[in-house]
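What follows is a single structure, written as structure tokens, with notes after it.
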Amino acid sequence: MKKVDLKNKIGTEFFSAIFTKKNGEERTILGKLHVKDEKFFAGGELKGDRDHLLECIDVNVLKKVDDPKHAWRSIQLNNLISLKVKGEELVKKGESNAIAA
């Protein structure tokens, strides 16, 4: 599934994602995509080619930190194991992973 398709399916909903971190560890997060009108997404700019990354905020981390910037996560699409939105699994382990563009 392409990044743009994933973002369209997720929309403003919360999602759960399981992915492999750069160091090989598996991580599970409850995430939310960038929404311009929400206060914790204000400011900052993403630079460079980010087509291979799904940028989101880790909601569980957001609850624990004073500075929302520490809750941002960038998930490499090719490291996604599972991504669920409203009970629908958009990416499943064993299927071809999500791709950029």
Side-chain angles (χ1 to χ4, degrees):
M1 183 174 281
K2 293 182 179 183
K3 178 180 178 175
V4 68
D5 296 331
L6 271 177
K7 289 178 83 169
N8 287 335
K9 283 260 192 185
I10 295 168
T12 59
E13 300 293 331
F14 290 97
F15 64 91
S16 66
I18 302 171
F19 60 97
T20 306
K21 294 171 33 176
K22 210 174 206 178
N23 67 5
E25 289 180 42
E26 207 171 89
R27 174 174 279 173
T28 302
I29 68 166
L30 175 62
K32 187 160 172 95
L33 296 179
H34 179 275
V35 179
K36 284 186 178 184
D37 296 337
E38 294 191 38
K39 64 182 178 187
F40 50 82
F41 290 113
E45 181 182 337
L46 301 174
K47 298 180 181 179
D49 178 19
R50 308 203 41 100
D51 285 340
H52 64 289
L53 300 171
L54 183 64
E55 300 89 358
C56 63
I57 195 141
D58 186 333
V59 177
N60 293 323
V61 173
L62 182 64
K63 294 176 187 177
K64 299 175 186 175
V65 296
D66 292 330
D67 186 352
K69 293 177 186 173
H70 292 109
W72 276 102
R73 299 291 178 260
S74 293
I75 302 170
Q76 289 193 29
L77 293 176
N78 62 348
N79 290 346
L80 264 175
I81 296 168
S82 173
L83 191 137
K84 293 181 184 178
V85 179
K86 294 170 46 174
E88 180 184 358
E89 195 159 17
L90 302 179
V91 176
K92 297 178 188 177
K93 188 174 185 173
E95 291 184 352
S96 59
N97 289 329
I99 56 173

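This one's a predicted model, so the numbers in the text were calculated from it and none came from an experiment.
Here the straight-line distance linking atom CG of L33 with atom CZ of F15 works out to 5.0 Å at 0.5 Å rounding. Between L62 atom CG and W72 atom CH2 the span is 10.0 Å, to the nearest 0.5 Å. Distance CG/N8 to NZ/K2: 12.0 Å, rounded to 0.5 Å. The CG atom of L53 sits 6.0 Å away from the CD atom of Q76 when rounded to the nearest 0.5 Å.
Taking the side-chain hydrogen bond (donor to acceptor under 3.5 Å, both in side chains) definition, one finds that S16 meets it with nothing, sequence neighbours left out. The side chain to side chain contact (heavy atoms under 4.5 Å, CB included) check on V65 picks up V61, H70, with sequence neighbours excluded. Under the salt bridge (Lys or Arg N to Asp or Glu O under 4.0 Å) criterion, K7 pairs with no residue at all, not counting sequence neighbours. Residues satisfying the side chain to side chain contact (heavy atoms under 4.5 Å, CB included) criterion with K64, sequence neighbours excluded, are absent altogether. Every residue meeting the salt bridge (Lys or Arg N to Asp or Glu O under 4.0 Å) condition with E25, not counting sequence neighbours, appears here in chain and number order: K21. Evaluation of the side chain to side chain contact (heavy atoms under 4.5 Å, CB included) rule for S82 yields I18, K84, E89 as partners, not counting sequence neighbours.
Side-chain contact between F19 and I29 is present, with heavy atoms from C-beta onward closer than 4.5 Å. Using a 4.5 Å heavy-atom threshold, the side chains of L90 and V85 count as touching. Using a 4.5 Å cut-off on side-chain heavy atoms (C-beta onward), T20 and I81 make contact. Between L83 and I75, every side-chain heavy-atom pair lies at or beyond the 4.5 Å cut-off. A 4.5 Å side-chain heavy-atom check between K86 and K9 finds every atom pair outside the cut-off. L80 places a side-chain heavy atom less than 4.5 Å from the side chain of L6.
Taking the charged nitrogens against the carboxylate oxygens, E13 and K32 have no contact shorter than 4.0 Å, which rules out a salt bridge.
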C56/I10 under side-chain contact (heavy atoms from CB on, under 4.5 Å): CA gap, chis, key distance, verdict: CA-CA 11 Å; C56 63; I10 295 168; over 6 Å; no
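Counting non-hydrogen atoms of neighbouring residues, nucleotides and ligands closer than 6.0 angstrom, the CG atom of D66 reaches no more than 12 such neighbours.
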